[in-house]
Amino acid sequence: MDHSVHRPSGTEVLLAHGSGGRSMHQLVDGLIIPHLNNPLLARMDDQAVLDISGVRLGFTTDSFVVDPLFFPGGDIGALAVNGTVNDLAMGGARPLYLSLALILEEGFALAELERILLSIRGAAEACGVQIVTGDTKVVHRGSADKLFINTAGVGVIAGETRITCSGAAVGDRILLSGTLGDHGMAIMSRREGFQFEAPIESDTAPLWSLVEAMLAAAPGAIHAMRDPTRGGLASAVNEIAQHSAVGMRLQEQAIPVREPVRGACEMLGLDPLYVANEGKLIALVHPAHAERVLAAAQSHPLGRDARLIGTVVEDAEHLVVLDTAFGGSRIVDLLAGDPLPRIC
């Protein structure tokens, strides 16, 4: 199978180019990176690691265009804080400071803006970060969709922690911190007006405290981490497999999915492996320490449903293969686009 990245075809940007799938990788790796490349950017992690006078800092940026702005379990404000904090945490960085830029559409209700700002403040206080700088822009009616948020985050990396998307090694166990698809299905239910028998809420949450507990359980044992947001678990493990030049073998029966989410995905023809999450992580852990790290995750409120779901294997094609519950197997590849655009 050809996993090479090509320049995007066509002459226009499409929604699929922001999906986390193959089209987005073609845009980023085939067009953006060639014009901006440098050694720090080339690592292609969720954050850059900056060594400044012997202090290692994690630095990241993110933008949020979720539709709708308010959804079961959260809103764009909490999502912006948690998503930025989580990108820092995936590199082992303790989050410290955030920036906040608001792009507002003329006519947006001030009451809704205040509600979102209160949510941002609450989320920042909950994970111990400060909003220390920002920017506000307003565009004409019809030039945006109510509100877009851009953030940047800075955190500090302690000791000798080295966690990178290219760090997975053959034999590593694949740890998933909880159930899949909650965020994506919560967004879909509100966006499309679906009523499910059991409520589905977003899993948006700041993951640093969970990461800290896992790191403390076995220092140096975690080689790579990703939070499976756009494109879901499937995109995250494919990215790590490609950057680490390894293959992965997943066990379908070990992957936790809540029954309401599974039912909603079946109704909509979606695979939970590709549905976005905003409060979960995957970690590639040295096999000798995997059970210890798993126990640490399961003892944390955000990791109660953590499972070991697979193993890193040697594979020249860097494929991700799923052993199904029916005894067969299938390749888990990147989708061209995302069936759920504007999910974060």
Side-chain angles (χ1 to χ4, degrees), residues 28 32-33 36-63 80-101 123-134 150-169 172 175 177 205-229 236 239-240 242-246 279-286 288-290 292-293 296-297 300 302-303 312:
V28 173
I32 296 174
I33 295 297
L36 304 177
N37 202 17
N38 61 69
L40 289 172
L41 186 61
R43 293 172 67 242
M44 294 300 290
D45 287 321
D46 286 334
Q47 71 300 121
V49 176
L50 311 176
D51 192 325
I52 302 176
S53 301
V55 177
R56 294 169 62 230
L57 299 177
F59 175 61
T60 191
T61 186
D62 210 340
S63 298
V81 173
N82 294 340
T84 310
V85 164
N86 292 347
D87 280 350
L88 291 171
M90 293 306 100
R94 176 168 61 90
L96 296 174
Y97 305 108
L98 302 183
S99 72
L100 177 71
E125 290 174 350
C127 54
V129 298
Q130 297 181 66
I131 311 294
V132 295
T133 189
N150 173 264
T151 55
V154 176
V156 64
I157 302 172
E160 297 301 315
T161 301
R162 307 283 179 191
I163 300 173
T164 175
C165 192
S166 60
D172 281 353
L175 184 152
S177 68
L207 293 172
W208 168 246
S209 62
L210 172 61
V211 170
E212 189 174 32
M214 292 167 61
L215 292 173
I222 298 176
H223 298 151
M225 281 193 292
R226 266 285 203 262
D227 54 335
T229 54
E239 288 170 0
I240 294 174
Q242 291 296 309
H243 287 289
S244 298
V246 295
K280 304 299 188 311
L281 63 81
I282 56 171
L284 286 296
V285 188
H286 190 288
H289 305 289
R292 191 184 316 162
V293 175
H300 190 282
L302 294 176
V312 177

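None of the values given here were measured: they were computed from a predicted structure. No hydrogens, no waters, no symmetry mates; every other heavy atom, side chains included, goes into these values. Sequence positions, counted from 1, serve as the residue numbers for this chain.
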Query raised in the report: Does the side chain of Ile33 reach to within under 4.5 Å of the side chain of Val28, using non-hydrogen atoms?
Result: yes
Query - Inter-residue atom distance Ile282.CD1 - Lys280.NZ, 0.5 Å rounding - result: 13.5 Å
Query raised in the report: Side chains of Ser209 and His300: does their closest heavy-atom pair fall under 4.5 Å?
Result: yes
Query raised in the report: Donor-acceptor pair, Ser244 side chain versus Cys165 backbone, under 3.5 Å?
Result: yes
Query raised in the report: salt bridge (Lys or Arg N to Asp or Glu O under 4.0 Å): which pairs involve residues 37-50, sequence neighbours left out?
Result: Arg43-Asp45, Asp46-Arg226
Query raised in the report: How long is the span from the CD atom in Gln130 to the CD atom in Glu125, to the nearest 0.5 Å?
Result: 10.0 Å
**Report entry** Backbone of Trp208 reached by a side-chain donor or acceptor of Asn86 within 3.5 Å
**Finding:** no
Query raised in the report: Between the side chain of Gln47 and the main-chain N/O of Asp87, is any donor-acceptor distance below 3.5 Å?
Result: yes
Requested in this report: Using atom types as modelled and distance alone, determine if a side-chain donor or acceptor of Thr60 lies under 3.5 Å from a backbone N or O of Leu88.
Outcome: no
Query - Gap separating the CZ atom of Arg56 from the OG1 atom of Thr161, nearest 0.5 angstrom - result: 6.5 Å
Requested in this report: Might you point out which heavy atoms bring Ala224 and Ala168 nearest each other, and give the distance in Å?
Outcome: CB-N, 4.2 Å
Report task. State, with a plain yes or no, whether a side-chain heavy atom of Val55 is found less than 4.5 Å away from one of Val156. Result -> yes
**Report entry** Heavy-atom closest contact (Ile157 atom, Gly91 atom, distance)
**Finding:** CD1-O, 3.9 Å
Query raised in the report: Taking side chain as C-beta onward, heavy atoms only, is Ile222 less than 4.5 Å from Val285?
Result: yes
Requested in this report: Working to the nearest 0.5 Å, report the span between OG1 of Thr164 and CD1 of Ile240.
Outcome: 9.5 Å
Report task. Ignoring hydrogens and angles, tell me if any N or O in the side chain of Arg162 forms a donor-acceptor pair with the backbone of Gly167 under 3.5 Å. Result -> no
Query raised in the report: Okay, side chain of Asn38, backbone of Leu40: is any donor-acceptor separation there less than 3.5 Å?
Result: yes
Report summary line: Nearest heavy-atom contact between Asn37 and Ala42 is OD1-CB, 3.5 Å
Report task. Would you mind reporting whether Val129 and Thr84 have side-chain heavy atoms less than 4.5 Å apart? Result -> no
Query raised in the report: More than 12 foreign heavy atoms under 6.0 Å from CZ of Arg94: is that the case here?
Result: no
Requested in this report: Rounded to the nearest 0.5 Å, what's the gap from CG on Leu57 to CG on Asp51? Could you check?
Outcome: 8.5 Å
Report summary line: Note: Ala218 and His289 closest approach over all heavy atoms is CB-CB, 3.8 Å
Query raised in the report: Would a 4.5 Å heavy-atom cut-off, applied to side chains only, mark Leu215 and Ile163 as touching?
Result: yes
Query raised in the report: Are any non-hydrogen side-chain atoms of Val312 and His223 less than 4.5 angstrom apart?
Result: no
Query raised in the report: Under 4.5 Å between any side-chain heavy atoms of Val81 and Thr151, yes or no?
Result: no
Query - Contact summary for His243 and Ser166, nearest pair of heavy atoms - result: O-CB, 3.4 Å
**Report entry** Closest approach of Ala213 to Ala296 (non-hydrogen atoms, all atoms of both residues)
**Finding:** O-CB, 3.8 Å
